[in-house]
Amino acid sequence: MSVNASAGGRSRNHIVLTSHGAPTGVAADAPTLNWGAPSPRERGPVVATLTDPKRRNAIGTHAGGYSVYRALAIAAGSLTADFRADLTDTSPSDPIGPHPQWGDPGKIVSLDPYGHMTGEAFAEEIAAGIDARPSIAITRAHIDMPEIREAIRAGRLAIDGDIIGPKGDVRVTKAAVDPVWYLPGIAERFGVGEGALRRALFEHTGGMFPELVTRGDLKVFLPPIGGMTLYMFGDPSKIGDGVTPLACRVHDECNGSDVFSSDICTCRPYLAHGIEMCVEMAQKGGVGLVVYNRKEGRALGEVTKFLVYNARKRQQGGDLPETYFKRTECVAGVQDMRFQELMPDVFHWLGISRIDRFASMSDMKFNALARAGIEVVERVPIPDDLIPSDARVEMEAKVSAGYYGVGFQSQYDATQGRALKE
Ligand SMILES: Nc1nc2c(ncn2[C@@H]2O[C@H](COP(=O)(O)OP(=O)(O)OP(=O)(O)O)[C@@H](O)[C@H]2O)c(=O)[nH]1
Ligand SMILES: [Zn+2]
């Protein structure tokens with residue numbers, strides 16, 4: 001079925017409904033996707049195009065988290081629906097891989113290991129009109145953080161003109177990674193059937209992606225969620241080489257603390273401590289890696305997080321460690337929706353099988369890495385003097401719930417957070 005519609009007030013064309021199975025005649029030259037193939041050519045490009053439905057081999061849209069803004073731009077007439085990026089000079093500043101892990105369909109299921117190679121590996125297809133787009137971009141930057149300047153002032157780090165520049169700025173290689181989900185692999189990771197996963201994704205996004213249930217032949221889905229950013233310290237070509245020691249922090253977004261230094265949690269201080277560890281390791285000839293995941297408020301969202309803060313701070317008896325997780329569960333139904341099960345994928349992408357120093361106390365992160373066969377040699381807790389006083393409730397609650405607490409000076413019974421009006 002199709003109806004006439006106007007797109008962007010400019011052109012008149014047909015609405016393509018994706019709820020009725022494959023469009024008649026999938027094009028003979030539609031690229032096939034063989035997830036887990038050991039080379040990009042054997043794997044094939046991910047094509048989540050909307051303008052060429054017969055050559056589409058993935059559900060969703062490229063840069064899915066921004067699809068609504070793109071739709072707005074098209075509706076407002078500031079972007080044409082068939083715009084194709086000019087990828088000249090956009091290739092990675094530093095090569096990553098290939099690593100043997102890329103050729104194992106079960107190891108990486110939530111990102112496209114060839115996502116940074118699209119422009120080069122599939123230049124031929126792109127020139128022939130196939131709408132393949134990169135899902136990973138790699139560039140270089142200098143970062144300048146007050147905590148690093150403070151570490152230099154305190155003598156814990158020194159300017160070396162290489163890793164740390166003359167002004168205290170730190171040289172990094174950074175990568176932005178959009179999610180690309182291989183649905184059979186995601187289902188396996190969570191121990192559910194692919195059909196049940198597809199149905200839940202379809203129904204609980206308000207029926208946003210009918211192909212999840214009508215196109216069983218399409219196995220790859222680009223979900224409309226945030227991805228991650230990687231910050232690499234030292235020589236990125238040494239990451240995952242099996243010999244160079246690695247320091248690492250896996251951090252899930254906490255805008256209130258990370259950006260605005262709100263003092264109810266330990267997020268920014270722990271992140272900054274992790275960065276300091278990475279810089280220190282790079283200066284000793286090792287490498288550092290920060291994985292920054294866009295999963296605000298334990299993937300419950302910031303609205304939920306702030307509602308929970310109010311509930312904690314208004315409850316009878318005050319904000320206490322023993323009720324910390326209960327208050328979240330009352331508002332969100334669960335304590336956490338981050339699903340660390342998918343987190344190790346990025347380590348496989350980088351070829352990493354051992355983390356020498358891991359800045360995290362989370363048992364969930366540690367266990368997920370262990371299940372993925374990634375060895376963590378040393379777990380580094382947040383230093384006590386970096387915990388803001390209002391964040392002690394969180395720390396006490398986490399350690400008593402199973403977080404790694406060696407070196408942590410517990411004062412469980414004496415801990416209470418600020419009240420709302422204080
Ligand atoms: N819902 C909710 N989320 C919170 C709260 N406090 C912090 N967060 C979120 O929890 C996440 C913290 O993640 P991370 O900093 O990666 O660390 P972690 O899992 O606590 O464990 P560590 O690695 O030991 O720091 C972020 O997404 C924060 O936004 C809270 O009170 N409620
Ligand atoms: Zn936080």
Side-chain angles (χ1 to χ4, degrees), residues 225-231 247-275 277-278 289-315 319-344 346 355 357-369 376 378-384 386-388 390-408 415 417-418 420:
I225 57 174
M228 68 182 118
T229 313
L230 312 181
Y231 282 82
C248 176
R249 163 81 184 152
V250 173
H251 190 87
D252 297 319
E253 176 170 30
C254 177
N255 182 268
S257 171
D258 296 345
V259 179
F260 294 98
S261 294
S262 131
D263 70 349
I264 195 171
C265 57
T266 55
C267 298
R268 182 175 173 112
Y270 212 172
L271 176 62
H273 183 65
I275 292 171
M277 268 173 48
C278 289
L289 170 69
V290 171
V291 178
Y292 190 91
N293 290 305
R294 291 311 183 329
K295 287 183 190 167
E296 174 59 65
R298 299 201 195 106
L300 305 172
E302 204 173 35
V303 170
T304 295
K305 186 164 88 168
F306 289 6
L307 293 173
V308 172
Y309 289 164
N310 279 347
R312 276 172 54 191
K313 289 178 176 295
R314 281 196 180 118
Q315 77 188 325
D319 182 17
L320 301 169
E322 55 264 43
T323 50
Y324 172 86
F325 286 114
K326 266 189 221 139
R327 292 278 70 82
T328 302
E329 253 186 273
C330 287
V331 181
V334 290
Q335 295 179 1
D336 200 318
M337 290 199 308
R338 282 177 289 174
F339 295 115
Q340 300 295 357
E341 283 85 345
L342 302 177
M343 176 271 284
V346 70
I355 300 167
R357 303 199 77 206
F358 187 49
S360 172
M361 297 161 74
S362 166
D363 52 339
M364 288 169 280
K365 292 177 189 168
F366 178 82
N367 292 336
L369 289 168
V376 172
E378 184 194 356
R379 299 161 85 173
V380 184
I382 184 171
D384 231 51
L386 293 185
I387 303 172
D390 201 39
R392 287 211 72 89
V393 177
E394 178 200 274
M395 281 313 304
E396 295 286 354
K398 282 177 168 181
V399 172
S400 93
Y403 272 55
Y404 178 78
V406 173
F408 175 69
T415 299
R418 262 200 320 265
L420 197 58

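The structure presented is a predicted model; accordingly, all values stated were derived computationally and were not measured. Both ligands and their constituent atoms are indexed starting at 1 by order of listing.
Taking only non-hydrogen atoms, the option from Cys267, Gly301, Ser360 nearest to atom 23 (O) of ligand 1 is Ser360. Taking only non-hydrogen atoms, the option from Arg294, Glu394, Lys365 nearest to atom 6 (N) of ligand 1 is Glu394. With distances taken over non-hydrogen atoms, the option nearest atom 15 (O) of ligand 1 out of Arg249, Arg312, Arg379, Arg327 is Arg249.
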Handout entry: Audit row: Arg294, Thr229, side-chain hydrogen bond (donor to acceptor under 3.5 Å, both in side chains) steps and yes/no
Key = CA-CA 8 Å; Arg294 291 311 183 329; Thr229 313; 2.9 Å; yes
Practice task
List the steps and the verdict of side chain to side chain contact (heavy atoms under 4.5 Å, CB included) for Asn293 and Val250.
Solution key: CA-CA 8 Å; Asn293 290 305; Val250 173; 3.8 Å; yes
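Of the charged side-chain nitrogens involved, none lies within less than 4.0 Å of a carboxylate oxygen, so that Lys295 and Asp336 do not count as a salt-bridged pair.
The shortest N or O to N or O distance between Thr328 and ligand 1 is not under 3.5 Å. Not one N or O of Gln340 is nearer than 3.5 Å to an N or O of ligand 1, by distance alone. Residue Met361 has at least one nitrogen or oxygen atom sitting less than 3.5 Å from a nitrogen or oxygen atom of ligand 1, judged on distance alone. Ligand 1 has no nitrogen or oxygen under 3.5 angstrom from a nitrogen or oxygen of Tyr270.
Side-chain atoms of Thr323 come within 3.5 Å of backbone atoms of Leu320 as a donor-acceptor pair (strictly under, hydrogens ignored).
For the Zn ion (ligand 2), the tally of protein N/O/S atoms lying closer than 2.8 Å stands at 3.
Under the salt bridge (charged side-chain N to carboxylate O under 4.0 Å, His left out) criterion, Arg357 pairs with Glu280, Glu378, not counting sequence neighbours. For Asp384, the salt bridge (charged side-chain N to carboxylate O under 4.0 Å, His left out) partners two or more places apart in sequence, or in a different chain, are Arg392. Taking Ser262 as the reference, Ile264 meet the side-chain contact (heavy atoms from CB on, under 4.5 Å) condition, with sequence neighbours excluded.
With a heavy-atom cut-off of 4.0 Å, Leu300 touches ligand 1 through its side chain alone. Residue-level proximity to ligand 1 for Val250 is carried by the backbone, the only part with a heavy atom below 4.0 angstrom. Counting heavy atoms closer than 4.0 Å to ligand 1, residue Tyr404 contributes nothing at all. Looking at Lys295 against ligand 1, only its backbone comes within 4.0 Å, counting heavy atoms. The proximity of Glu253 to ligand 1, defined as any non-hydrogen pair under 4.0 Å, is limited to the backbone.
The contact set between ligand 1 and His251, taken as ligand atoms under 4.0 Å from a residue heavy atom, comprises 15 (O), 16 (O).
Of the protein's heavy atoms, Arg338 NH1, 3.8 Å lies nearest to atom 12 (C) of ligand 1.
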